[in-house]
Amino acid sequence: MINEEILRLLRDHSSDFLSGEEISRRLNVSRTAVWKRIQGLRTLGYEIEASTRSGYRLIRSPDLLTPSEIKPILETKWIGSEIHYFPTLDSTNSKAYELALDGAEEGEVVIAESQEKGKGRLGRKWFSPQFLNLYLSVVLRPKIPPHQASLVTLMAAVATADAIRNFSGLVPLIKWPNDVLLRDRKVAGLLNEIHSEVDRIHFVILGIGINLNMDEKMFSKEIRNVATSLKIETGQAVSRKDFLQSLFLELERWYAMFSEEGSAAILNAWRDRAHIRGKQVKVTSFGETLVGRAIDVDSDGALILETKDGTRKRVVAGDVQYGMKT
Ligand code: BT5
């Protein structure tokens with residue numbers, strides 16, 4: 001907390017030095033404590049000029065995702081109303097789930113600089129090295145029946161794709177149900193976890209992982225050929241804070257669209273960004289493999305496909321590969 005308060009004071013006086021005495025008086029801590037905190041901030045990457053006569057002055061902040069870095073630049077009304085920041089976590093989704101069980105409100109966000117057990121779908125892992133990318137989870141409390149929960153995933157995929165497009169000018173492709181691809185490689189993944197009764201959702205934890213500043217050699221061999229980052233695609237490092245600002249705005253916009261206009265608006269936007277109709281696909285779902293032509297997504301987000309013998313099937317969860325021969 002004291003770090004955050006010192007930063008706030010330094011930011012408020014960024015054009016000028018602020019004396020150690022003044023800081024210690026305002027925060028009611030000793031000057032030695034102030035000095036220790038300043039040292040601590042420097043090890044986090046804050047560039048702070050110190051002068052024995054004049055005090056301290058903030059020169060530059062690192063691209064950290066702490067509330068004090070993020071809050072001042074957010075332009076959203078409710079997403080990020082509260083930010084729970086952690087240098088590292090097992091999984092932001094697990095933490096957000098706990099907080100939601102304890103009553104966290106819609107819009108509260110958990111962010112981590114790295115994850116030790118970042119979760120993918122179906123027990124898979126999400127590679128989450130520190131300081132390079134975004135790993136976050138948003139608590140949502142939509143007033144929808146549980147069978148519509150998949151639409152929240154589609155909504156989030158649309159918002160993520162739009163944030164990437166606005167930010168980089170590149171046009172991502174959404175792959176059913178939750179992958180966001182650039183050049184056929186995965187740049188972002190979404191994991192939604194719900195807590196519900198038979199006819200009512202208590203909350204949805206919307207988990208988003210986006211590769212922003214990873215270089216190719218940083219990916220493990222297994223995923224190097226199927227994963228990418230915005231930096232790899234654009235050749236430029238990305239400010240995570242700026243990206244986050246844009247992502248939260250898109251999420252808020254599309255969530256409002258979902259709440260006000262219903263599923264059709266989301267499904268149409270998703271179709272426009274997924275181009276799945278007519279594609280030959282192989283779908284693996286609960287150990288079963290289906291090959292066929294993708295017809296559409298259903299009103300609840302399920303994938304409808306037509307197999308060679310003309311039978312139509314609905315797939316509610318699974319993995320898709322494109323370009324398969326029937
Ligand atoms: C996903 O699963 O795509 C969902 C990923 C969600 C991650 C976020 S991070 C914040 C929040 N907290 C969490 O704990 N999770 C969420 P799935 O479709 O199952 O894809 C997982 C597969 O993608 C893995 O088996 C790898 O093949 C590949 N993969 C793993 N890490 C990756 C990465 N960083 N970039 C691209 N591909 C990756």
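Just follow the structure's listing: the first ligand is 1, and inside any ligand the first atom is 1.
Heavy-atom minimum distance, A294 versus I276: CB-O, 3.4 Å. Nearest heavy atoms, L305 versus V281: CD1-CG2, 3.9 Å. R31 approaches S24 most closely through the heavy-atom pair CG-OG, 3.5 Å.
Using a 4.5 Å heavy-atom cutoff, the side chains of P145 and D199 are not in contact.
Near S91, meaning under 4.0 Å from one of its heavy atoms, ligand 1 places the atoms 12 (N), 13 (C), 14 (O). Numbered from 1 in the order shown, with element, the atoms of ligand 1 that lie under 4.0 Å from a heavy atom of G118 read 14 (O). Using a 4.0 Å cut-off to heavy atoms of N211, the atoms of ligand 1 that qualify are 33 (C), 34 (N), 35 (N), 36 (C).
Residue contacts with ligand 1 include L190, since one or more of its heavy atoms lies under 4.0 Å from the ligand. Heavy atoms of K125 approach ligand 1 to within less than 4.0 angstrom.
Scanning the protein for heavy atoms near atom 2 (O) of ligand 1, the closest one is R121 N, 3.1 Å. At the top of the distance list for atom 25 (O) of ligand 1, counting protein heavy atoms only, stands R124 CD, 3.4 Å. Ranking the protein heavy atoms by distance from atom 6 (C) of ligand 1 puts K119 O, 3.5 Å first. Shortest contact from atom 38 (C) of ligand 1 to any protein heavy atom: W126 CZ3, 3.4 Å. When only non-hydrogen protein atoms are considered, atom 20 (O) of ligand 1 lies nearest to K186 NZ, 3.0 Å. Nearest protein heavy-atom neighbour of atom 9 (S) of ligand 1: Q115 NE2, 3.4 Å. Ranking the protein heavy atoms by distance from atom 27 (O) of ligand 1 puts I223 CG2, 3.4 Å first. The nearest protein atom to atom 11 (C) of ligand 1, hydrogens excluded, is given as T92 OG1, 3.2 Å; this is a heavy-atom distance.
Stacking of R141 on the aromatic ring of F203 is not recorded, the 6.0 Å distance cut-off and the 45° axial limit not both being met.
Within the 4.0 Å heavy-atom criterion, neither part of V187 lies near ligand 1. Neither the backbone nor the side chain of N133 comes within contact range of ligand 1; no heavy atom lies under 4.0 Å.
For the pair R124 and D319, the salt-bridge criterion is met [side-chain N within less than 4.0 Å of a carboxylate O]. Contact check on R11 versus E4 returns no salt bridge, with no Lys/Arg side-chain nitrogen under 4.0 Å from an Asp/Glu carboxylate oxygen. Checked for salt-bridge contact, R25 and E21 miss the test: no charged N lies under 4.0 Å from a carboxylate O. The pair R165-E250 does not count as a salt bridge, with every side-chain nitrogen at least 4.0 angstrom from each carboxylate oxygen.
Inclusion of D319 in the set of residues having an N or O under 3.5 Å from an N or O of ligand 1 is not warranted.
For the residues Y135, F127, F219, the heavy atom positioned nearest atom 34 (N) of ligand 1 is part of F127.
Here the rule is side chain to side chain contact (heavy atoms under 4.5 Å, CB included) with E69, and of L65, I73, T66 only T66 fits it.
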Next on the checklist: Walk me through whether L140 and E106 qualify under side-chain contact (heavy atoms from CB on, under 4.5 Å).
Outcome noted: CA-CA 5 Å; L140 297 175; E106 181 154 80; 4.0 Å; yes
